[in-house]
Protein chains: 2
Amino acid sequence: MTLKSVAKTLSVSTATISNAFSRPDQLSKSLREKILKECSTLGYHGPNITARSLRKGKSGVLGVLLSDPLSYYFNDPVANQFLSGIAETVEQHQKQLLMLSGADSGKTNTGIESLPDSFIVYGSQEHNPLYNRIIQTGKPIVTVDFDAPEFGSINVDNQAAAYEVASYALKKRSAPHAAILGLRLIHSERVCRITDDELYDESESVARRRLNGYKQAAEESNIALSSELIWHIPHNTFALAKRAAKELLSVTPRPNIILCMSDVIASAVLNVAAEMGVSVPAEIGVVGFDDIPEASRTSPPLTTICQKSKEKGKQAVLMLVKGDTSSKILMPTELIVRDSA
Amino acid sequence: MTLKSVAKTLSVSTATISNAFSRPDQLSKSLREKILKECSTLGYHGPNITARSLRKGKSGVLGVLLSDPLSYYFNDPVANQFLSGIAETVEQHQKQLLMLSGADSGKTNTGIESLPDSFIVYGSQEHNPLYNRIIQTGKPIVTVDFDAPEFGSINVDNQAAAYEVASYALKKRSAPHAAILGLRLIHSERVCRITDDELYDESESVARRRLNGYKQAAEESNIALSSELIWHIPHNTFALAKRAAKELLSVTPRPNIILCMSDVIASAVLNVAAEMGVSVPAEIGVVGFDDIPEASRTSPPLTTICQKSKEKGKQAVLMLVKGDTSSKILMPTELIVRDSA
DNA sequence: TTGAAAGCGCTAACAC
DNA sequence: GTGTTAGCGCTTTCAA
């Protein structure tokens, strides 16, 4: 059942059918309705999207390029929020959402980058060949949580936010002794501490900016920050964070402030602390980052930085919809004080 | 940059370029490698997927039809698991994943159903016009968590599982007095109790089957189950569940067993119970359903039914990949005993 | 191993 | 307001 065959059956031209579906102003209302009704009874539900996309050079699909396997993004609370903001806005604009994995792209090229009309690129894509292919399409791109000079972007001031939450935590203690549970600080798949030279890495990643914020707060409070008390966690999962938390809470003397680069990590700390009988916030203060929904439900509830992940997704879609591909948006963050520090 | 223009530049035929990318056996290895290399330097990354799909009638895209707005699925732990199982398997098979919302389909038809080669339909789609259009494409379909005679499907035995967990909870108490927090029991957007006639509804939904399992267990224990102690919660969110839990825990005399149709609901009950100073499991027993990751981390940890959501997603993709579109698979469930009952 | 050409289903320019 | 037609970029058959 094609537009052509339908046109023949209804004894009108193909243009008329096409117009009935795509350009209502090109024919009378009565004819349009008649045609739509007849198509419906015939079982023709409108133009084939592949053919239409080929012809028009547009598909109505928005691509989201992610930097890890897709399954990761279904299990990370921050990504969940971000993607649900995207999804909601995409739906409002009657577009389709295609999630593009950073993982499969190394293998066979499926040419999928030619389908979407525009892209949201989430997180740094250093070694992702698909990213380069997307750039070469010349289609509109907005980056989120990292920056590329040539594209519009949405970010938060990670350093300032980390500084704020760390300062708060440090000032709450009379004799602060801080440790850091970092997320993706270095390129390693292992939970481990970093080395001193890695501490002064100059890269611009989210983790680095947060670390800089922590360092800044520590300096202001005249606290030493050695790499011995900085852990690297390769992915934002509860299990990995728990491993790091166990190591950290077993250190003697035990730090009394734990700065966590995500709420998932912070909640793992609370969990381990409870298991070990360490009381929060009496013995140790814990702060997170992100303000995921669970943050208000942990015991004790988390003191953290709220970054409006859902709103980030929404804004990214809106930029693309509006055709704004050059603004550099810095979203506000907010210190959320609860009981964990 | 098209295949044709590249062919001209390299002075070979279009067929040769096409073969180099899609049918390696049709030309010599050396020629193929030479062409691939030259294409790469030229910046041609392979055939346009729209044109290719139009021509071949296949796109390499797998569609997942959902019954609510997409954003819902990013925030539901069970859906997260299911979708991550799908995503993982789709990636392994070098296909793309397109999530199709049940929400936008009422509005303008984008013809998107013509893109995917096959579909996973998740959850009953009673009033979803897109479902009907997908059926009309005649493409392979696998349904999950509901059944349609003409398609393959993946389900769990909800009634048996609910019976199992309810029996366990009831037998743990000397004088059991049970209440039920149901998920999508009726068609209402409000948190509310159901009426007596609704209690005997004959429909085949997941919620109904679970309710039947609870009823069966109650009968066996000679317990009355009146609609006065059965709540309907329209969506699987913590906030709605909390509202219902508050109502329930304020009833006098207070039930001492709470059967929850999801772990999200059960964890909301634990949360409310803690706020009200009701101790679990001493004063009330709580059981959930699903075994989401958080279920093992609540306090107390949840006694629940494990349904392998991720595995369901994986199996659904596998059926489609294998071309099996008629098997009716019933996945096993397992009673997970923890501390909440 | 290669080249020529038809045609996948549609849209839009143009003619009427 | 409607009909005709070229061609979007590709794959595949057929012939060379």
Side-chain angles (χ1 to χ4, degrees), chain A residues 1-36 38-39 42-60 109-115 117 136-139, chain B residues 1-36 38-39 42-61 109-115 117 133 136-139:
Chain A
M1 173 102 21
T2 69
L3 184 148
K4 202 169 168 183
S5 71
V6 169
K8 201 185 225 168
T9 309
L10 301 188
S11 306
V12 295
S13 82
T14 58
T16 304
I17 306 285
S18 176
N19 286 335
F21 280 99
S22 311
R23 301 169 54 177
D25 53 312
Q26 297 294 301
L27 72 176
S28 70
K29 200 172 171 184
S30 61
L31 178 60
R32 175 162 188 258
E33 278 170 6
K34 183 180 150 229
I35 286 177
L36 255 29
E38 299 193 282
C39 283
L42 247 45
Y44 179 77
H45 298 296
N48 176 299
I49 199 177
T50 340
R52 166 188 263 212
S53 304
L54 175 59
R55 179 59 231 248
K56 305 207 348 174
K58 288 178 164 245
S59 61
N109 169 8
T110 62
I112 191 66
E113 71 274 11
S114 46
L115 180 63
D117 302 326
Q136 292 215 6
T137 63
K139 294 173 185 171
Chain B
M1 173 101 21
T2 69
L3 184 147
K4 202 170 168 183
S5 71
V6 169
K8 202 186 225 168
T9 309
L10 301 188
S11 305
V12 296
S13 83
T14 59
T16 304
I17 305 284
S18 176
N19 286 334
F21 280 99
S22 312
R23 300 169 54 178
D25 53 311
Q26 296 294 300
L27 71 177
S28 70
K29 199 172 172 183
S30 61
L31 178 60
R32 175 163 188 258
E33 279 170 4
K34 183 181 151 229
I35 287 178
L36 256 28
E38 300 194 280
C39 283
L42 246 45
Y44 180 78
H45 299 296
N48 175 299
I49 197 177
T50 340
R52 165 187 262 211
S53 303
L54 176 59
R55 177 61 229 247
K56 303 205 355 171
K58 287 177 165 247
S59 61
V61 173
N109 170 8
T110 62
I112 190 67
E113 71 274 11
S114 45
L115 180 63
D117 302 326
R133 281 192 263 124
Q136 292 214 7
T137 64
K139 294 173 185 171

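Numbers restart at 1 for each chain; the letters A, B, ... are given by sequence-line order, proteins then strands. Source: prediction; values computed, not measured.
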>> Is the phosphate of C:dG9 approached by A:Y44 (side-chain N or O, under 4.0 Å from OP1 or OP2)?
In response: no
>> Applying side-chain hydrogen bond (donor to acceptor under 3.5 Å, both in side chains), can you list everything that pairs with A:T16, at least two apart in sequence or on another chain?
In response: A:S13
> What residues, two or more places apart in sequence or in another chain, satisfy side-chain contact (heavy atoms from CB on, under 4.5 Å) together with A:K4?
Replying inline: A:T2, A:T14
>> Going by the rule side-chain hydrogen bond (donor to acceptor under 3.5 Å, both in side chains), which residues pair with A:S53 if we only count those two or more places apart in sequence or in a different chain?
In response: none
> Can you list, by residue number, the residues of residues 22-29 of chain A that have a non-hydrogen atom closer than 4.0 angstrom to DNA chain C?
Replying inline: A:S22, A:R23
> Sequence neighbours excluded, which residues qualify as side-chain hydrogen bond (donor to acceptor under 3.5 Å, both in side chains) partners of A:S59?
Replying inline: A:D117
>> Among residues at least two apart in sequence or on other chains, which ones pass side-chain contact (heavy atoms from CB on, under 4.5 Å) with B:E33?
In response: B:K29
> Does anything in residues 46-54 of chain B reach DNA chain D, meaning a heavy atom under 4.0 Å, and if so which residues?
Replying inline: B:P47, B:N48, B:A51, B:R52
>> I'd like to check the side-chain contact (heavy atoms from CB on, under 4.5 Å) partners of B:Q136; sequence neighbours left out, ordered by chain and number.
In response: A:H45
> Under the side-chain contact (heavy atoms from CB on, under 4.5 Å) test, which residues partner A:L54, sequence neighbours left out?
Replying inline: B:T50, B:A51, B:L54
>> Once side-chain hydrogen bond (donor to acceptor under 3.5 Å, both in side chains) is applied, do any residues pair with A:S22, and if so which ones, sequence neighbours excluded?
In response: A:R52
> Among residues 4-16 of chain A, which residues get a heavy atom nearer than 4.0 Å to DNA chain D?
Replying inline: A:V12, A:S13, A:T14, A:A15, A:T16
> Looking at the side chain of A:L31, which of C:dT1, D:dT2, D:dG9 is the nearest nucleotide?
Replying inline: D:dT2
